[in-house]
Participant: 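Please see the structure below; I have some questions.
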Amino acid sequence: MPSAACDALLDDIEDIVSQEDSKPQDRHFSRKNVVPKVRRRKTQVYLQEENSPSSDSTIPGIQKIWIRTWGCSHNNSDGEYMAGQLAAYGYKITENASDADLWLLNSCTVKNPAEDHFRNSIKSEGMSRELRKDVILRKAREENKKVVLAGCVPQAQPRQDYLKGLSIIGVQQIDRVVEVVEETIKGHSVRLLGQKKDNGKRLGGAPLDLPKIRKNPLIEIISINTGCLNACTYCKTKHARGSLGSYPIDELVHRAKQSFQEGVCEIWLTSEDTGAYGRDIGTDLPTLLWNLVEVIPEGAMLRLGMTNPPYILEHLEVLMYFPDSHMGFLLSPALHMEMAKILHHPRVYSFLHIPVQSASDSVLMDMKREYCVADFKRVVDFLKEKVPGITIATDIICGFPGETEQDFQQTVKLVEEYKFPSLFINQFYPRPGTPAAKMEQVPAHVKKQRTKDLSRVFHSYNPYEHKIGERQQVLVTEESFDSKFYVAHNRFYEQVLVPKNPPFMGKMVEVDIYESGKHFMKGQPVLDARVYTPSISKPLAKGEVSGLTKEFRNRLGNHLSLTSSNHAATQQDPASFRALLQVPCPDTAWRMAVGMALVALFAVFVKIYAYSTAQ
């Protein structure tokens, strides 16, 4: 938690001039009566620390930072970018929260409402192995940690009372996280929430070629766009991410190439709605995907992220009209096979996440989802026919305002009919500021019971039981949660657990399926089968910064592993260090210098004027 003497929150980082600055209203004075206002220090300690830094904690670039990210894969990618930039500048990224000087909290407002979890001031009886969200800010205050809050929560509602005193960085400003952390370390509370635009046109967000620390060195998460075109009545993310902003195809392809050169063997495409990609820049999702598959090495895989039914439907079926001399235009259906062809590609997972949310048309109308249940079924049926074995994942909200028992039973029947292997069930929660929060709510006990009932239906079937005995090619990318197995995925992105054999990691392995559970299968490697090594480079070490060229790394030397006991190199001029790192140099310094000079000059003038008036 920032312990700054400057309690007022600033609109932007460039507004910082000095901790002793007068407020704007204080700079107005009358001709007859002038009383200069001076901000008093709360304690003498602040003055000593500011004039003569006596400890490492006041020198930016040498502290330990703990980064915690919640939420979607887009948010995880943002967290990886922020970690990479901070590490490149010299900060030590630590997994020990108690040992850190600053906490960077990358929040989410989609699931387990982060607003309430950050806001709650409840008693905490010690720390769990993984810090709980609902006590995290309280713990920060108790342990005197400086805090920077990122993600959708502060972006959507930056003026919430519980955010006072915290530094905030917006979802489109993550390329300036070093500046925000620097000022927070110095004791300032700053806010940086602007939107990125080019000639008045909204951009996809921060540059894709920033330094990054991948949570998993084998998996690259690429955000293809930010925001969406919908206006769902329950969604808070739209308030944070805004309208659609897509990255150009060439930038996305370049990022993919760079990732493969750094040993990545799996790419996830993510956004708030991948199906809407390109509508704002004159292109579309299939065009992007065909460009990407051209650069995917053999043995590597691509996974497509969530897409809403209206947009994926457009890429599945097109209505063609033929002129007729007697009847004008006759309607003739012609299937547009682009998405089906792509999902058949050997280097693309036959997997698609299409949220339905409800199987009641009246509920979907109240949600403003812009499709009906028949549309959803048409998409799923088409994909199942044209891409045999495809995995369809979906989301359902239980207890949306106005949902009747009949509405809910329609949703139950949909799950029973399609037996989705991957189903995300969410109990409705009214997000403040959304239209759904003002609607008449379903009683809490009813929402809870419907959630339990639907979960019971979901767990009543085993989607993988019929696959026992199959021989599959799987790509191994991580270790299981219990550390007993390696986790791999087959071409349908179904989870397969394999023995922990280090040579398997990052490789294609042929296995025989001998067991299945609700969410996984187990595979035994085929004897004498070839372990396929993708035609890509050796992956980066865990915690190593990506996006750095070989020359870059040579020039950087040991700065990436800098600790508080070895920080001499970072005490050089920050501008020259940023030049070494090739990180864009912020112009805050000269703004501060000019501002301080003007304020000092103004203060002298005020004192002279006050003295002459008093005489």
Side-chain angles (χ1 to χ4, degrees), residues 1-4 13 16 53 55-69 76-106 131 140 143-151 166-169 173-190 192 206 210-215 217 540-548 552-553 555-586 588-589:
M1 179 68 198
S3 56
I13 199 168
I16 299 174
S55 69
D56 291 347
S57 63
T58 59
I59 305 172
I62 61 173
Q63 288 75 21
K64 294 180 181 179
I65 298 178
W66 179 65
I67 301 176
R68 177 70 191 278
T69 294
N76 276 274
S77 178
D78 287 351
E80 292 177 349
Y81 274 126
M82 289 189 283
Q85 293 172 85
L86 292 167
Y89 185 68
Y91 289 99
K92 174 69 175 179
I93 308 301
T94 179
E95 296 183 0
N96 187 340
S98 299
D99 192 39
D101 301 292
L102 180 142
W103 289 0
L104 173 58
L105 309 178
N106 192 18
L131 287 176
E143 298 188 17
N144 197 31
K145 304 294 184 183
K146 296 183 185 297
V147 173
V148 173
L149 186 58
L166 296 178
S167 287
I168 292 172
I169 184 168
Q173 299 292 334
I174 60 172
D175 54 333
R176 298 179 64 185
V177 66
V178 171
E179 297 173 64
V180 174
V181 167
E182 277 187 353
E183 296 303 330
T184 305
I185 291 292
K186 294 175 184 176
H188 298 123
S189 296
V190 298
L192 193 59
L210 295 170
K212 189 177 194 179
I213 295 180
R214 298 185 184 95
K215 185 176 181 180
L540 302 179
K542 186 173 178 61
E544 187 175 356
V545 180
S546 85
L548 308 181
F552 197 132
R553 291 194 185 95
R555 294 171 61 193
L556 192 58
N558 294 323
H559 286 301
L560 296 181
S561 59
L562 207 59
T563 64
S564 58
S565 62
N566 181 26
H567 62 266
T570 61
Q571 297 184 30
Q572 60 181 295
D573 176 54
S576 63
F577 189 68
R578 283 196 186 88
L580 169 68
L581 295 171
Q582 300 177 358
V583 175
C585 179
T588 308

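Residue numbers run from 1 in the order of the sequence given.
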Participant: Give the intermediate values and the outcome of salt bridge (charged side-chain N to carboxylate O under 4.0 Å, His left out) for residues Lys212 and Glu80.
Facilitator: CA-CA 5 Å; Lys212 189 177 194 179; Glu80 292 177 349; 3.4 Å; yes
Participant: When rounded to the nearest 0.5 angstrom, what distance separates OH in Tyr89 from CD in Glu179?
Facilitator: 10.0 Å
Participant: With rounding to the nearest 0.5 angstrom, report the CD to OG1 distance, Gln63 to Thr94.
Facilitator: 13.0 Å
Participant: Nearest 0.5 Å, please: how far is CD1 in Ile168 from OG1 in Thr184?
Facilitator: 10.5 Å
Participant: Is a side-chain donor or acceptor of Glu544 paired with a backbone partner of Pro217 at a separation under 3.5 angstrom?
Facilitator: no
Participant: Could you pull out the closest heavy-atom pair between Ala87 and Ile213, with the gap in Å?
Facilitator: CB-CD1, 3.7 Å
Participant: Asn106 and Gly79: which non-hydrogen atoms are nearest, and at how many Å?
Facilitator: ND2-N, 3.5 Å
Participant: Just verifying a value: how many Å separate Met82 CE and Thr69 OG1, rounded to the nearest 0.5 Å?
Facilitator: 6.0 Å
Participant: Quick one: NZ on Lys542 to CZ on Arg214, what's the gap to the nearest 0.5 Å?
Facilitator: 12.5 Å
Participant: Does any non-hydrogen side-chain atom of Trp66 lie less than 4.5 Å from one of Leu105?
Facilitator: yes
Participant: In Å, rounded to the nearest 0.5 Å, how long is the span from CZ of Arg68 to CG of Leu104?
Facilitator: 12.5 Å
Participant: Of all heavy-atom pairs between Asp175 and Gln85, which one has the smallest distance, and what is that distance?
Facilitator: O-OE1, 2.9 Å
Participant: I'd like to check Val178 versus Leu86 (side-chain heavy atoms, cut-off strictly below 4.5 Å). Are they in contact?
Facilitator: yes
Participant: Between Ile174 and Asp78, what is the shortest heavy-atom contact and its length?
Facilitator: CD1-OD1, 3.6 Å
Participant: Taking the side chain as C-beta and beyond, is there a heavy-atom pair between Val148 and Ile65 under 4.5 Å?
Facilitator: no
Participant: Side chains of Glu183 and Val190: does their closest heavy-atom pair fall under 4.5 Å?
Facilitator: yes
Participant: Looking at side-chain heavy atoms only, is the closest gap between Lys146 and Asp101 below 4.5 Å?
Facilitator: no
